[in-house]
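What follows is a short report on a single structure.
All figures in this text were calculated on a predicted structure; none of them were measured in a lab. Below, chains carry the letters A, B, ... as their sequence lines are ordered, and counting in each starts from 1.
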Amino acid sequence: ETGVTQTPRHLVMGMTNKKSLKCEQHLGHNAMYWYKQSAKKPLELMFVYSLEERVENNSVPSRFSPECPNSSHLFLHLHTLQPEDSALYLCASSQSFSPGANVLTFGAGSRLTVL
Amino acid sequence: QQQVKQSPQSLIVQKGGISIINCAYENTAFDYFPWYQQFPGKGPALLIAIRPDVSEKKEGRFTISFNKSAKQFSLHIMDSQPGDSATYFCAAVQGYKLSFGAGTTVTVRA
């Protein structure tokens, strides 16, 4: 496996379910991100982890709960979601926050549908 | 508040033509301006990027033009090919935060 791998690729869940999205990066990067992508809208930053410490929680509702057990793995735990949470959830990683050098490598995304 | 504004939302170009996508920003603290390309079913991938002390950068058929005083930058795709059909996102970077434009869907007709 190379790059950034996300599972599952597709997920359908009811509003009362609990599920998790998983992300794994094989690049030796130090930072990992969750983004939400909705049609015709800019990518929305949700969470950022640097060296397993959360450095950003961009006003995300508590029904989304991130977990970063080590620098290679990132999870997004989902519970009691709303239909408007249906979107593509993208995981990304980067090596550095240095000015002029923060390049993100994205996974293919997990397409979430909330019924 | 959207920090990076991108236009047009979509464009159609004939094979061999030029595609131009424009972006504008307000925050002068941004220090890096990448463009990402996304194909259906895939995540965005870095296409080309520029630092604010450079006015133009060219990689193959892709060129970024950067106007610091106007706080605008654009992507030019020369000799557009059907394989260039994708959604393109501009972004502006400050530290770990990337602010993305809303995307431009480019369709290249053969």
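In this model, no donor atom of one side chain and acceptor atom of the other lie less than 3.5 Å apart for B:N22 and B:S7. Counted by atom type alone, B:S69 and B:N67 present one or more donor-acceptor pairs between their side chains at under 3.5 Å. Looking at A:S20 and A:H77, their side chains do bring a donor and an acceptor atom within 3.5 Å of each other.
The closest side-chain heavy-atom distance from A:F64 to A:Y89 is below 4.5 Å.
A:V60 and B:F100 fall into different hydrophobic clusters, where Ile, Leu, Val, Met, Phe, Trp and Tyr residues are linked whenever their side-chain heavy atoms come under 4.5 Å apart, directly or through other members.
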List the steps and the verdict of salt bridge (charged side-chain N to carboxylate O under 4.0 Å, His left out) for B:K68 and B:D53. CA-CA 8 Å; B:K68 189 173 182 178; B:D53 54 346; over 6 Å; no
Before giving the answer on salt bridge (charged side-chain N to carboxylate O under 4.0 Å, His left out), spell out for B:E59 and B:K57 the whole-Å C-alpha distance, their side-chain angles and the decisive distance to 0.1 Å. CA-CA 7 Å; B:E59 291 184 359; B:K57 183 173 182 180; 3.6 Å; yes
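Most heavy-atom pairs under 4.5 Å with chain A: of the set B:V4, B:T105, B:L98, this distinction falls to B:L98. Comparing A:V4, A:V48, A:T105 by heavy-atom pairs within less than 4.5 Å of chain B, the highest count is held by A:V48. The choice from B:G41, B:G43, B:A49 that makes the most heavy-atom pairs within less than 4.5 Å of chain A is B:G43.
At a heavy-atom cut-off of under 4.5 Å, chain A is reached by B:F89, B:V93 from residues 73-94 of chain B, listed in order of number. Residues of residues 106-115 of chain A that come within less than 4.5 angstrom of chain B, heavy atom to heavy atom, are A:F106, A:G107, A:A108 in numerical order.
There is no contact between B:I50 and chain A, counting heavy-atom distances below 4.5 Å. Only the side chain of A:L88 comes within less than 4.5 Å of a heavy atom of chain B; its backbone N, CA, C and O stay farther away. Interface residue A:L45: only side-chain heavy atoms are found under 4.5 Å from chain B. At a 4.5 Å heavy-atom cutoff, the contact between A:Q37 and chain B is made by side-chain atoms alone. Using a 4.5 Å cut-off between heavy atoms, B:P44 contacts chain A through both its backbone and its side chain.
Ring-centre distance between A:Y33 and B:Y96: not below the 6.0 Å cut-off. The aromatic ring centroids of B:F33 and B:Y25 lie less than 6.0 Å from each other.
Residues satisfying the side chain to side chain donor-acceptor pair (under 3.5 Å) criterion with B:T63, sequence neighbours excluded, are absent altogether. By the side-chain contact (heavy atoms from CB on, under 4.5 Å) test, A:E44 pairs with A:K36, A:S38, A:K41, sequence neighbours left out.
Heavy atoms from other residues, nucleotides or ligands lying under 6.0 Å from CZ of A:R54 number more than 12. For A:E53, the CD atom is loosely surrounded, since the number of other residues' heavy atoms within 6.0 Å does not exceed 12.
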